[in-house]
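The structure appears right after this line, and notes come after that.
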Amino acid sequence: GNPYVADCSTCKIQEGDHLTIQYQKRINDPNLKYVVESSNDLKNWSNNTVQVSSISIQGDYQVITSRALEPKANVSRQFMGVKVTYDNGY
């Protein structure tokens, strides 16, 4: 996909008591850094409100499922996203 266009073609949101997102992480490129973040207002994002709940391997990718720590019933709105950056060491 286009890295400048938000889409969810390689991730999915799952049903349950906690907001959950599943995404693919490329195994063979250590320069790609993945951070799952959550927000209640789309302005302030945090990565310390999310935990990894499962990891599996599919070819060259890890399939990672992360979930919000706060149950959906305790908040009026929740959003999650995966921020991917490229760290070339400079």
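Given the structure is predicted, the values throughout are model-derived calculations rather than measurements. Scope of the values below: all heavy atoms of this structure, side chains included, with no hydrogens, waters or symmetry mates.
- Considering CZ of R67 and OG1 of T49, their distance stands at 12.0 Å, rounded to 0.5 Å.
- Listed by chain and residue number, D41 satisfy the side-chain contact (heavy atoms from CB on, under 4.5 Å) test with N44 (two or more places apart in sequence, or in another chain).
- Partners of K33 under the salt bridge (charged side-chain N to carboxylate O under 4.0 Å, His left out) rule, at least two apart in sequence or in another chain, do not exist in this structure.
- Hydrophobic clustering of Ile, Leu, Val, Met, Phe, Trp and Tyr side chains at less than 4.5 Å, counting indirect connections, keeps Y23 apart from L69.
- The hydrophobic cluster containing M80 also contains Y34, counting ILVMFWY residues as joined when their side-chain heavy atoms lie under 4.5 angstrom apart, directly or transitively.
- Residues K25 and I27 have side chains not in contact (no heavy-atom distance under 4.5 Å, counting atoms from C-beta outward).
- Hydrophobic clustering of Ile, Leu, Val, Met, Phe, Trp and Tyr side chains at less than 4.5 Å, counting indirect connections, keeps Y61 apart from I57.
- The OG atom of S39 sits 7.0 Å away from the CZ atom of F79 when rounded to the nearest 0.5 Å.
- Rounded to the nearest 0.5 angstrom, Q78 CD and H18 NE2 are separated by 8.0 Å.
- Residue L19 is not grouped with residue V35 when hydrophobic side chains (ILVMFWY) are merged at heavy-atom distances under 4.5 angstrom, including chains of intermediate members.
- Residue S66 holds its OG atom at 9.5 Å from CD of Q22, rounded to the nearest 0.5 Å.
- Remark: the S53 side chain and the T65 side chain contain no N/O donor-acceptor pair separated by less than 3.5 Å.
- Contact annotation: the side chain of V82 approaches that of I21 to within less than 4.5 Å [non-hydrogen atoms, C-beta and beyond].
- Residues N28 and D60 form a side-chain contact, since some pair of their non-hydrogen atoms from C-beta on lies under 4.5 Å apart.
- Taking CD of E37 as the start and OG of S46 as the end, the distance is 7.5 Å to the nearest 0.5 Å.
- When the options V50, I64, V52 are evaluated for a side-chain contact (heavy atoms from CB on, under 4.5 Å) with V36, the one that passes is V50.
- Rounded to the nearest 0.5 Å, atoms CZ (R77) and CG (N40) are 8.0 Å apart.
- E70 is linked by a side chain to side chain donor-acceptor pair (under 3.5 Å) to N74, counting only residues two or more places apart in sequence or in another chain.
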